[in-house]
Number of protein chains: 2
Amino acid sequence: MDPQVQHRVNEMCASMSELGVNVTPRRAKVLETLASTDCHPTVNEIHSEVRRIYPSTSLATIYNTIELLKETGQVLELEFSGSPNRYDGLRPESHPHLICLSCRSVEDMDLFEIEDVSLDRVSHATGYNLVRQRTDYYGICPVCQESDEAIRH
Amino acid sequence: MDPQVQHRVNEMCASMSELGVNVTPRRAKVLETLASTDCHPTVNEIHSEVRRIYPSTSLATIYNTIELLKETGQVLELEFSGSPNRYDGLRPESHPHLICLSCRSVEDMDLFEIEDVSLDRVSHATGYNLVRQRTDYYGICPVCQESDEAIRH
DNA sequence: TTAAATGCAAATTTTTTGCGTGATG
DNA sequence: CATCACGCAAAAAATTTGCATTTAA
């Protein structure tokens with residue numbers, strides 16, 4: 001396993017143990033799946049991946065494990081209505097995403113262009129006790145722009 | 001009707017006409033409801049409001065009307081999974097929101113603390129053809145903080 | 001043997017769709 | 001009379017829940 005992935009899995013395991021729950025083989029596989037990709041998988045995609053090793057795994061177990069990770073702040077959940085939620089277990093802290101309206105891909109966006117506004121500053125300015133933020137940019141990704149071009153010609 | 005509300009309703013009517021659809025009385029009432037509040041109502045809340053005037057209105061008509069508004073960029077849809085979407089018809093352009101995890105309130109956040117990063121700049125930096133953004137801050141609103149205090153004492 | 005983890009299926013919730021009726025120009 | 005609007009109900013999709021069984025310390 002890639003050392004960076006291993007490191008994240010260890011972090012996630014540690015926080016589950018702190019929560020007082022066991023990291024069973026199925027749960028471990030969920031963590032590994034989340035830590036192994038930056039594609040922001042859906043619950044179904046995680047389910048399929050886990051089933052490759054433990055074919056009898058149910059969807060409820062995936063939801064359950066993700067719930068535990070959410071409680072410990074070890075996974076970022078991007079909610080959508082109508083389409084399945086996407087999960088980021090590689091970088092669970094708040095960070096911006098690029099979302100393609102055509103192919104539904106979700107990419108991490110690096111911050112070089114954006115000055116991050118700290119939650120503390122906004123909390124102070126608004127009186128809210130803020131715990132996380134969500135920043136998404138919606139549009140058409142370069143690949144889909146190409147495809148659209150191709151179709152037009 | 002408040003002149004600011006009237007102005008927004010007019011804008012929304014105009015864009016629906018441009019789309020080539022009629023602004024029927026029920027649709028007009030949906031627009032008015034959206035323009036009359038900054039509470040970011042759900043589809044159900046809009047439905048209830050419209051039914052006060054047109055009691056036979058169906059939920060499908062609300063969804064249908066909102067779909068038309070989305071097509072013309074005249075309403076901002078905040079998607080949530082598990083809980084109903086929230087709509088902002090007063091300020092349909094992308095702007096940040098404060099979302100209370102306790103009472104589920106959604107408030108507009110004024111920009112004084114945040115330097116807005118233009119879509120153009122991010123588009124250029126990423127190669128995406130971006131059309132909108134979403135920025136949410138999640139936490140506990142001042143009112144709920146008070147209630148929590150009260151409970152503790 | 002006791003508690004936690006899990007599979008399974010049903011229930012819930014939100015949104016969408018299809019179809020037939022009715023209003024309107 | 002032709003088209004658009006709309007109510008109604010079913011369908012679809014995602015997530016949650018309840019319960020019985022299995023697993024494992």
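Chain letters run A, B, ... following the sequence lines, proteins first, then strands; residues in each count from 1. Values below: all heavy atoms of this structure, side chains included; hydrogens, waters and symmetry mates excluded.
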*asked:* Side chain of T61(A), heavy atoms from C-beta onward: which of dT6(C), dC6(D), dA4(C) has the nearest atom to it?
replied: dT6(C)
Scan nucleotides 14-24 of chain D against the protein and return all N/O pairs shorter than 3.5 Å with their distances rounded to 0.1 Å.
{"unit_1": "dT15(D)", "atom_1": "OP1", "unit_2": "N85(A)", "atom_2": "N", "d": "3.1"}
{"unit_1": "dT15(D)", "atom_1": "OP1", "unit_2": "N85(A)", "atom_2": "OD1", "d": "3.2"}
{"unit_1": "dT15(D)", "atom_1": "OP1", "unit_2": "N85(A)", "atom_2": "ND2", "d": "3.1"}
{"unit_1": "dT15(D)", "atom_1": "OP2", "unit_2": "Y63(A)", "atom_2": "OH", "d": "2.6"}
{"unit_1": "dT15(D)", "atom_1": "O5'", "unit_2": "Y63(A)", "atom_2": "OH", "d": "3.3"}

*Measure the distance from CG on L19(B) to C1' on dC4(D) and round it to the nearest whole Å.*
13 Å
*Rounded to the nearest angstrom, tell me the gap between atom CG in L68(B) and atom C1' in dC6(D).*
12 Å
*asked:* Output the rounded distance in Å from CD1 (I66(B)) to C1' (dA5(D)).
replied: 16 Å
*asked:* Side chains of Q145(A) and Y128(B) only: does a donor on one sit below 3.5 Å from an acceptor on the other?
replied: no
*To the nearest Å, how far apart are N64(B) CG and dT17(C) C1'?*
12 Å
*Give the minimum heavy-atom separation between E32(A) and V5(A), together with the two atoms involved.*
O-CG1, 4.5 Å
*Take the protein atom CE of M16(B) and the nucleotide atom C1' of dC4(D), then report the distance between them rounded to whole Å.*
12 Å
*Once you round to the nearest 0.5 Å, how far does CE of M109(B) lie from OG1 of T126(A)?*
7.5 Å
_Phosphate-side-chain proximity, T24(A) and dT6(C), N/O vs OP1/OP2 below 4.0 Å_ = yes
_Do M12(A) and T65(A) make a side-chain contact, defined as non-hydrogen atoms from C-beta onward lying under 4.5 Å apart?_
no
*Separation of atom CD1 in I53(A) from atom P in dT6(C), rounded to whole Å*: 16 Å
*Which whole-number value in Å describes the distance from N22(B) CG to dC6(D) C1'?*
13 Å
_Please report the distance, rounded to the nearest Å, between OH in Y54(A) and P in dC8(C)._
17 Å
_Please report the interatomic distance CD1(I62(A)) to NE2(H47(A)), rounded to the nearest 0.5 Å._
5.5 Å
*What distance separates R132(A) CZ from Y138(B) OH, expressed to the nearest 0.5 Å?*
7.0 Å
